[in-house]
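Read the numbers this way: they start at 1 and go in the same order the structure lists the ligands and their atoms.
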Amino acid sequence: MSTVVLIGAQWGDEGKGKVTDFLAQQADMVVRYQGGNNAGHTVVARGRTFKLHLIPSGILHGDKMCLIGNGVVIDPAVLLQELDSLESQGISTANLRISPRAHVIFPYHKSIDMAEEEQKGNKRIGTTCRGIGPAYTDKASRAGIRVAELMDREELAEKLRDALEAKNKLLARVYGSEVQFDYREMLEQYNEYADRLRGYVDDVSILVNRAIDRGQKVLFEGAQGTLLDLDHGTYPYVTSSHPVAGAACLGAGLGPTKINTVVGVAKAYITRVGEGPFPTELHDRLGDHIRERGCEFGTTTGRPRRCGWFDAVIARYAARINGLSYLAITKLDVLSGLDTLKICTGYRYKGEVINEFPAGLKVLAQCEPVYREVPGWREDISGVRRYNDLPQNARDYIERIEEMAGVPVALVGVGPGREQTLVLQNIF
Ligand code: IMP
C-alpha cells in the first residue's frame, strides 16, 4: 500500500501543483478531495505553463488516473473549459473520473458569494467569488444538487426549480440584488453540461480503494492550505472546505488506515491572499521585492499576495494538525540575494512568548513575531540540481526550518520547472 496525501502547510498557494506534478511521475492515480475552482495550480511541464483549477495536475502525465472526489464542489462550466483547453493542447482527458457524490456549483452560488462579500463591506472575507462557500452551505443545509442529480434529467428539473425559487428570493429580498435567474435557460444549459460530462462520472471511492488493494500508488492532492481550513484555519477568514490531510479520507471515500504518508508543502517564506491577520507580513520594500521575484499574484483572481517571513509557529501547527511525515519547501530561489533572512520562532503576546498557534483571531492580530536571523546567500540557485550543491547558507536555512518545524524536509524547489526539484528523501 502506498498512499501519499499532499497538503498546503500555510495559507494556500504553496506550490502544491508543482510538487503534485513532480510526485505524480511515480503515482498511478491522483485524487482531488476538497475545494473547487477557487484553487489554481500552475504547472510548468513539456516546456509549457498550464493553469489548472479543478482537474488534478496528474492529467499532464497521460497515463495516470485522475479523480475528482465527492468532497470537491464542481463548476461544470469551468470543468468543461479546462477539459477543452487540455484537449486542444493535445493532452488526453480520457483518464478523468468524477464522483457522482460531488456537489455542483450553479451561477446563483457565485451571485450569492459576491452579494455576501458586498454586504460584509470592510468585514469581507476576500473570497474568490467562485461560489465555493454558498455551494458548501447548500451541501450542509441539504439543499445542494450533486453530480448524481445533474445526470438525471427529471431530478435536475425538480431540484433546480426548488433551488431557483429560493435563490431568486434570497438575492432580491435579502441582498437587494437585481440579479434573477431564468429556470428554463439554466436547466437547458446544465442539461448540456450533463451530457458532456456523463462519460466521466464513476464511483471514486470504489476506484481509489481498488487501486490501493492492487498495491498501486495513489496521490491525494489537497487544495488551499491548513490555515484556510474551516475548522483549523484562521476562522472566519477561511475557505468552506477542509484542506487538511484528514479530509482526504472523507472527500474521496476511504478510511484513515489507508493513508501512509502526509507531505506538507510550504514556501521558503509565506504568503496570503484575502483578509485576516498575518503575523510575519512584510509591509515594506522587502515584501514588494519578494512579491515581484516570486510572482506572487493569484492564479485564480490575479490579486497581489501578501508576503512575509517563514513562520515556524505555523509550520509546527501544520505538522500537528496534518500529522506531517515530510515537508516540501518551495521557491527557495526567491530568497537568493538577501543578506539576512528571518524565521519566526514564536509570537510575543502581552509581553509573553507563545509557541503555539492561537485559536482567537484577536490574539493572533496582536501577536508580534519573535525572529531568529540567519545569513542569506548571494548565488542564483535556480540551476542547482542536487541538494548538496546548494550554498552552505541555503542548506543551513533548510536545516533550521526542519529543526524548528520538527519535520524532515524531503523536497526543495529552486524554480518552477519539474527538474528544479531537489530530492532529499524519496516519498513514494
Ligand atoms: P473562497 O474559498 O473563495 O470562499 O475564499 C475564502 C478564502 O480562502 C479567501 O481568503 C481566499 O483568498 C482563500 N482562498 C481560496 N482558495 C485559495 C487558494 O487556492 N489559494 C489561496 N487562497 C485561497
How does [X] reach ligand 1, if at all, at less than 4.0 Å between non-hydrogen atoms: by side chain, backbone, both, or neither?
{"X": "Trp11", "result": "backbone"}
{"X": "Thr127", "result": "both"}
{"X": "Arg303", "result": "side chain"}

Sub-3.5 Å donor-acceptor pair from the side chain of Thr271 to the main-chain atoms of Arg305, do we have one?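 Flag not set: sc Thr271 to bb Arg305 has no pair under 3.5 Å.
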Are any side-chain N or O atoms of Ser99 and backbone N or O atoms of Gly69, one a donor and one an acceptor, separated by less than 3.5 Å? no
Answer with yes or no whether the side chains of Glu185 and Tyr190 bring together a donor and an acceptor at under 3.5 Å.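 Checked: Tyr190/Glu185 side chains show no N/O donor-acceptor pair below 3.5 Å.
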Using side chain to side chain donor-acceptor pair (under 3.5 Å) as the criterion, list what pairs up with Arg97, not counting sequence neighbours.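 Result, side chain to side chain donor-acceptor pair (under 3.5 Å) vs Arg97: none returned.
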Those residues that, when tested against Glu116, pass side chain to side chain donor-acceptor pair (under 3.5 Å) (two or more places apart): Tyr175
Min N/O separation [X] to ligand 1 under 3.5 Å:
{"X": "Asn38", "value": "yes"}
{"X": "Thr128", "value": "yes"}
{"X": "Asp113", "value": "no"}
{"X": "Arg130", "value": "no"}

Quick one: do [X] and [Y] make a salt bridge, cutoff under 4.0 Å?
{"X": "Glu149", "Y": "Lys159", "answer": "no"}
{"X": "Arg372", "Y": "Glu403", "answer": "yes"}
{"X": "Arg293", "Y": "Asp288", "answer": "no"}

Would you mind finding which of Leu228, Leu227, Val238 brings a heavy atom closest to atom 23 (C) of ligand 1? Leu228
My understanding is that we take every heavy atom of each candidate and find the minimum distance to atom 11 (C) of ligand 1. Doing that for Gly233, Gly126, Gly276, which one comes out nearest?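 Looking at heavy atoms only, the winner is Gly126.
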Please identify which atoms of ligand 1 are closer than 4.0 Å to at least one heavy atom of [X].
{"X": "Ile125", "answer": "10 (O)"}
{"X": "Val273", "answer": "10 (O), 12 (O), 21 (C), 22 (N)"}
{"X": "Gln224", "answer": "15 (C), 16 (N), 17 (C), 18 (C), 19 (O)"}

Closer than 4.0 angstrom: is that true for some heavy atom of Ser240 and an atom of ligand 1? no
Quick check: Tyr347 with Tyr349 (ring centres under 6.0 Å apart)?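 Ring-ring flag for Tyr349/Tyr347: false, centres at least 6.0 Å apart.
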